[in-house]
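Remarks on the structure that follows.
Keep in mind that the numbers below use all heavy atoms, side chains included, and drop hydrogens, waters and symmetry copies. Letters go in sequence order (proteins before strands), and every chain restarts at 1.
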Amino acid sequence: MDKEQIFGMAEKEMEYRVELFNKLTQTCFNKCIDKKYKENELNMGENTCIDRCVAKYWQVTNLVGQLLGSQRPM
Amino acid sequence: MDKEQIFGMAEKEMEYRVELFNKLTQTCFNKCIDKKYKENELNMGENTCIDRCVAKYWQVTNLVGQLLGSQRPM
Amino acid sequence: MDKEQIFGMAEKEMEYRVELFNKLTQTCFNKCIDKKYKENELNMGENTCIDRCVAKYWQVTNLVGQLLGSQRPM
Amino acid sequence: MDKSMLGDLSSLTEEDQVKMTTMIDQLQIRDSLRMYNSLVERCFTDCVDNFQRQTLGKQEETCVRRCAEKFLKHSMRVGLRFSELNSGKATTD
Amino acid sequence: MDKSMLGDLSSLTEEDQVKMTTMIDQLQIRDSLRMYNSLVERCFTDCVDNFQRQTLGKQEETCVRRCAEKFLKHSMRVGLRFSELNSGKATTD
Amino acid sequence: MDKSMLGDLSSLTEEDQVKMTTMIDQLQIRDSLRMYNSLVERCFTDCVDNFQRQTLGKQEETCVRRCAEKFLKHSMRVGLRFSELNSGKATTD
């Protein structure tokens with residue numbers, strides 16, 4: 001691949017990662033954080049939930065990746 | 001229009017179609033597919049619903065296009 | 001900053017404003033407009049709600065901007 | 001979204017002004033295509049729930065028309081209020 | 001999203017055709033990455049609600065598999081109907 | 001999203017490294033603008049429901065502050081866990 005393509009691939013890889021991170025962040029916020037916002041600190045339960053939510057989101061990312069098999073873009 | 005503009009227009013046309021297809025796919029999935037995912041095949045009812053949903057989405061696309069009239073971008 | 005960077009910054013500034021305007025429009029439509037669409041005109045209550053919704057959205061934009069403090073991108 | 005968004009272009013050279021205006025036009029075309037797509041998505045989602053038949057019913061069509069017209073009027077009003085806020089003379093309640 | 005989207009390319013010069021096809025390929029790669037991300041988001045949201053443990057349960061895994069498979073089959077069927085509509089021979093009910 | 005995302009840049013020429021870093025910086029600026037916009041959208045949606053008056057109430061303001069602070073803290077924690085997973089030493093439950 002020439003330099004042009006290398007930069008193109010690098011850019012898509014990064015856009016993919018940024019989007020993955022943003023969706024992970026939004027989804028786990030919806031799943032773990034109480035929307036009544038009673039205080040501005042994250043409590044113990046929310047912290048544990050966030051850690052597990054990230055771990056499970058990661059597992060689902062890999063699982064769907066296997067299912068997409070060869071089609072898997074990355 | 002010079003070549004630059006032709007490519008620009010072609011790119012926007014494609015981005016528009018890709019987004020139209022993605023919104024159509026997501027919307028009809030929400031309308032037609034049972035979220036309990038009891039099996040991994042689409043059943044008869046879901047297939048019929050998908051066909052009709054695509055047809056109706058297409059009609060709404062055209063209807064809104066007429067309403068936008070001259071403003072219609074494409 | 002050279003010309004390249006000036007154009008780059010101008011483009012991001014515009015993308016930011018377009019997205020701000022779109023999110024403002026979608027959010028206030030959800031908050032103010034009755035989804036039963038009984039007529040095709042905006043009634044008095046809806047118009048007042050839209051004006052106040054835009055004003056309050058603007059205040060929240062500034063408030064969050066202060067909170068982001070130095071991190072504030074713009 | 002109009003040219004005023006970018007303030008005073010006169011400080012730019014002739015050639016840069018053309019480049020800037022083209023960039024704004026490109027962004028506006030892309031933005032109106034996106035608005036068109038999301039308007040269709042929103043009015044379809046709000047107005048079409050029944051898939052017994054393959055063609056749009058009378059009521060569904062009326063609902064889509066009203067939804068689209070209301071959204072366009074709403075969007076114009078938001079644009080007015082938005083530019084007032086932008087130019088600093090917000091209306092007082 | 002296939003090349004036919006853009007109709008007849010033959011009117012373009014050799015070099016422009018290459019440029020056009022590369023543009024389509026770039027768009028398809030970006031689109032499939034986005035589809036991958038939103039499929040993960042959708043199936044996670046629909047299938048994973050319990051955070052007592054840190055690893056995916058049996059039931060959650062089955063649900064994610066079915067969700068992903070159903071979405072892919074759904075997406076293919078929509079693609080078929082969409083290209084029929086595009087080429088004007090819509091199926092009559 | 002930090003430079004480590006792209007692994008080892010040293011294999012690139014001086015000039016390419018500059019080009020790569022500028023690309024990453026551009027992406028980060030665009031990403032933080034998007035994050036800013038979606039944080040405003042989320043906290044407004046969650047905290048502001050009453051349009052009797054035109055100015056933000058005391059309670060609404062507190063809610064927005066807490067929502068934004070919680071989201072930033074949440075986002076940082078997700079970033080930590082994410083980079084752990086990325087570098088392969090996931091925490092065991």
Side-chain angles (χ1 to χ4, degrees), chain C residues 1-66 68 72-74, chain D residues 1-7 9 11-13 15-17 19-28 30-32 34-35 38-39 41-43 45-47 59-86 88 90-93:
Chain C
M1 287 209 292
D2 61 25
K3 213 185 276 183
E4 207 47 51
Q5 284 166 318
I6 294 174
F7 273 100
M9 286 311 293
E11 201 184 17
K12 284 187 197 59
E13 161 86 11
M14 283 194 287
E15 275 167 16
Y16 163 73
R17 286 199 191 210
V18 165
E19 198 193 41
L20 167 60
F21 181 76
N22 289 337
K23 283 183 185 289
L24 164 59
T25 305
Q26 301 290 343
T27 306
C28 286
F29 192 82
N30 294 334
K31 295 273 186 185
C32 293
I33 309 298
D34 166 13
K35 292 287 157 45
K36 289 196 217 63
Y37 303 120
K38 284 191 227 92
E39 350 82 349
N40 57 11
E41 291 298 331
L42 296 172
N43 61 45
M44 239 268 291
E46 285 168 334
N47 279 326
T48 321
C49 177
I50 294 169
D51 297 346
R52 292 175 181 167
C53 182
V54 172
K56 282 182 138 180
Y57 198 92
W58 185 256
Q59 288 156 43
V60 169
T61 303
N62 294 333
L63 178 58
V64 171
Q66 283 156 23
L68 288 177
R72 198 160 93 83
M74 293 313 293
Chain D
M1 196 203 64
D2 45 53
K3 306 268 176 334
S4 74
M5 260 184 47
L6 256 178
L9 292 184
S11 63
L12 296 175
T13 63
E15 192 221 319
D16 287 343
Q17 283 186 15
K19 215 180 145 195
M20 196 62 95
T21 340
T22 336
M23 189 161 63
I24 297 176
D25 294 344
Q26 299 303 326
L27 206 70
Q28 280 180 316
R30 193 172 290 147
D31 182 43
S32 54
R34 276 207 201 112
M35 187 280 281
S38 24
L39 186 52
E41 183 185 34
R42 169 190 284 283
C43 294
T45 303
D46 289 352
C47 295
Q59 255 185 341
E60 289 172 327
E61 207 187 298
T62 312
C63 176
V64 167
R65 277 186 200 283
R66 288 184 181 154
C67 166
E69 269 166 50
K70 270 197 152 180
F71 186 85
L72 292 172
K73 284 164 187 160
H74 163 79
S75 178
M76 261 182 283
R77 193 176 182 106
V78 170
L80 275 177
R81 293 291 98 78
F82 188 64
S83 39
E84 278 164 19
L85 285 168
N86 252 316
T91 59
T92 51
D93 199 15

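- Chain D forms the most heavy-atom pairs under 4.5 Å with one residue out of C/Lys36, C/Glu46, C/Glu19, C/Gln26, and that residue is C/Gln26.
- For the atom pair D/Asp31 CG and C/Met14 CE, the distance stands at 11.5 Å (nearest 0.5 Å).
- With rounding to the nearest 0.5 angstrom, the CZ atom of C/Phe21 is 10.5 Å from the CG atom of D/Asn86.
- Distance check, rounded to the nearest 0.5 Å: CH2 of C/Trp58 to CZ of D/Arg81 gives 14.0 Å.
- Distance CD/C/Glu41 to CD/D/Glu69: 7.5 Å, rounded to 0.5 Å.
- Taking the side chain as every heavy atom from C-beta outward, D/Thr62 and C/Tyr37 never approach each other to under 4.5 Å.
- For the pair C/Val18 and D/Gln28, the minimum side-chain heavy-atom distance is 4.5 Å or more.
- Expressed to the nearest 0.5 Å, how far CE of D/Met23 lies from CD of C/Glu15 amounts to 9.0 Å.
- Residues C/Phe7 and D/Asp16 meet the side-chain proximity criterion, which asks for heavy atoms closer than 4.5 Å.
- With hydrogens and angles ignored, the 3.5 Å screen pairs a side-chain donor or acceptor of D/Arg66 with a backbone N or O of C/Lys38.
- The greatest number of non-hydrogen atom pairs below 4.5 Å with chain C, out of D/Arg42, D/Arg30, D/Lys19, is found for D/Arg42.
- Here the side chains of D/Met35 and C/Thr25 are not in contact, with every heavy-atom distance at 4.5 Å or above.
- Residues D/Phe71 and C/Ile33 have side chains not in contact (no heavy-atom distance under 4.5 Å, counting atoms from C-beta outward).
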Original post:
So C/Leu20 and D/Phe82, side chain to side chain contact (heavy atoms under 4.5 Å, CB included) or not? Walk me through it.
Top reply: CA-CA 10 Å; C/Leu20 167 60; D/Phe82 188 64; 4.0 Å; yes
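- Between C/Cys28 and D/His74 the shortest heavy-atom distance is C-CE1, 3.8 Å.
- One distance of note links CG of D/Leu27 with CZ of C/Arg17; it measures 12.0 Å at 0.5 Å rounding.
- C/Asn22 touches chain D through its side chain: at least one heavy atom from C-beta onward sits under 4.5 Å away, while N, CA, C and O do not.
- Checking D/Arg65 against C/Asn40 by side-chain atom types alone, no donor-acceptor pair falls below 3.5 Å.
- Proximity to chain C is absent for every atom of D/Cys43, based on heavy atoms less than 4.5 angstrom apart.
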